[in-house]
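Residue numbers run from 1 in the order of the sequence given.
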Amino acid sequence: MQKIKNICVYCGSAEGDDPRYAVAAETFGRALAKAGVGLVFGGGSCGLMGVVARSTLNAGGRVTGIIPGFLDEREIALQGMTELVVVDDMHTRKRLMFEKSDAFVALPGGVGTLEELTEQLTWIQLGRHSKPLVIADIAGFWRPLLTLFAHMHNSGFIREGYDVRYMVAERIEDILPMITSTARRTPQIEETAVTERM
């Protein structure tokens, strides 16, 4: 059984044009704090990143932000975090976010969020780690991507034995129970190979 101490949230540095995205981020931040689970995120104060982090902090939760120095000028690191780690580059940021997290959640976001999400899906597919991953399909945001995954499978590019394992939650309230349930059933596998390849 994997113990869930910290969850990494991938999400946008913008709030998007649907207010339901920010509501979802705020709700999830409060849920993390209430459950005593720490938030690991990209460290920025902008967009959904800032919303989920501030919500977690305001509810008394723990927040670890990891941001590259060059992005600190653009996204401006959130103040008052439990821990702020400034790194040299994006690769180091992603490696530390992985190492400090026991599960992953993708809220709505842009290209950066998509890249982080698909990288974790690839590692899971290749058996590099067994940490739970939830795609939070708020207001159907990720539906085109889920359709693309089905198309890849139907076209023979996701082969037998290389299934992409993830969960989809349409409601924020379902995310933590999904992760906890999966962590109970999943044996932890050796993860050094992921760290070495990043």
Side-chain angles (χ1 to χ4, degrees), residues 4-17 21-33 35-124 128-129 131-136 138 141-142 145 172 175-176 179 191-192 194-198:
I4 305 299
K5 297 177 184 175
N6 297 294
I7 292 178
C8 177
V9 174
Y10 301 131
C11 58
S13 58
E15 290 192 21
D17 60 3
Y21 304 152
V23 170
E26 185 175 354
T27 302
F28 191 57
R30 287 197 305 268
L32 287 172
V37 175
L39 167 69
V40 175
F41 82 119
S45 60
C46 307
L48 296 185
M49 283 200 299
V51 173
V52 69
R54 279 189 291 271
S55 176
T56 305
L57 288 169
N58 291 341
R62 295 176 285 109
V63 173
T64 298
I66 303 172
I67 192 167
F70 79 92
L71 268 186
D72 191 8
E73 300 171 8
R74 235 187 236 189
E75 296 178 355
I76 308 170
L78 185 71
Q79 300 300 306
M81 286 181 278
T82 313
E83 180 184 17
L84 172 63
V85 182
V86 180
V87 297
D88 291 333
D89 52 53
M90 295 292 283
H91 295 294
T92 306
R93 177 200 218 181
K94 290 192 294 181
R95 178 176 59 79
L96 287 178
M97 289 172 80
F98 172 82
E99 289 176 356
K100 289 178 176 286
S101 303
D102 306 299
F104 305 91
V105 172
L107 293 172
V111 173
T113 303
L114 177 62
E115 187 262 343
E116 291 166 326
L117 167 60
T118 53
E119 185 170 63
Q120 289 303 333
L121 288 170
T122 301
W123 291 343
I124 292 169
R128 300 293 81 196
H129 74 82
K131 298 178 181 182
L133 185 150
V134 175
I135 297 174
I138 307 304
F141 178 82
W142 290 112
L145 180 65
I172 288 296
I175 295 175
L176 287 176
I179 288 173
E191 292 162 3
T192 54
V194 172
T195 303
E196 289 168 1
R197 294 166 83 91
M198 292 174 74

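Screening E119, Q120, E99 for a side-chain hydrogen bond (donor to acceptor under 3.5 Å, both in side chains) with K94, the sole residue that qualifies is E119. Considering T64, V40, I66 in turn, T64 is the only one that fulfils the side-chain contact (heavy atoms from CB on, under 4.5 Å) rule with E83.
By the side chain to side chain contact (heavy atoms under 4.5 Å, CB included) test, A136 is found to be paired with V105, L107, I138, I175, residues two or more places apart in sequence or in another chain being considered.
Contact record, N6 with K100: CB-O, 3.3 Å, taken as the closest heavy-atom pair. Across V37 and I4, no two heavy atoms sit closer than the pair CG2-O, 4.1 Å. Residue P132 comes nearest to I179 through the heavy atom pair CG-O, 4.1 Å, listed as atom of the first residue, atom of the second, then distance. In terms of heavy-atom proximity, F28 sits nearest to L176 at CE1-CG, 4.1 Å. In terms of heavy atoms, A53 sits closest to L39 at CA-CD2, 3.6 Å. Closest heavy-atom contact between P108 and W142: N-NE1, 3.9 Å.
Judged by distance alone, with hydrogens and angles left aside, the side-chain atoms of R128 form no donor-acceptor pair with the main-chain N or O of T122 at under 3.5 Å. The backbone N or O of G42 sits less than 3.5 Å from a side-chain atom of R93, completing a donor-acceptor pair. Put simply, the side chain of T113 gets close to the backbone of C11: a donor and an acceptor are under 3.5 Å apart.
The CD atom of E15 sits 11.5 Å away from the CE atom of M49 when rounded to the nearest 0.5 Å. Note that CG of L133 is 6.0 Å distant from CG of L117, once rounded to the nearest 0.5 Å. To the nearest 0.5 Å, atoms CD1 (I7) and OG1 (T56) are separated by 10.0 Å. Within the model, atoms CE of M97 and CD1 of I67 stand 10.5 Å from one another, a figure rounded to the nearest 0.5 Å. Of the inter-residue distances, the one linking I135 atom CD1 with F141 atom CZ reads 11.0 Å to the nearest 0.5 angstrom.
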field: Residues L48, V52; criterion side-chain contact (heavy atoms from CB on, under 4.5 Å); working and verdict
entry: CA-CA 6 Å; L48 296 185; V52 69; over 6 Å; no

- request: Apply the test side-chain contact (heavy atoms from CB on, under 4.5 Å) to residues R54 and L57: give CA-CA distance (whole Å), side-chain angles for both, the deciding distance (0.1 Å), then the verdict.
  value: CA-CA 5 Å; R54 279 189 291 271; L57 288 169; 5.5 Å; no

message: side chain to side chain donor-acceptor pair (under 3.5 Å), that's the test. Do T92 and D89 meet it? Break it down for me.
response: CA-CA 6 Å; T92 306; D89 52 53; 2.8 Å; yes

task: Check the pair K131 / F98 against side-chain contact (heavy atoms from CB on, under 4.5 Å), numbers first and verdict last.
output: CA-CA 10 Å; K131 298 178 181 182; F98 172 82; 3.7 Å; yes

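Side-chain contact check for R30 versus T27: some heavy-atom pair is nearer than 4.5 Å.
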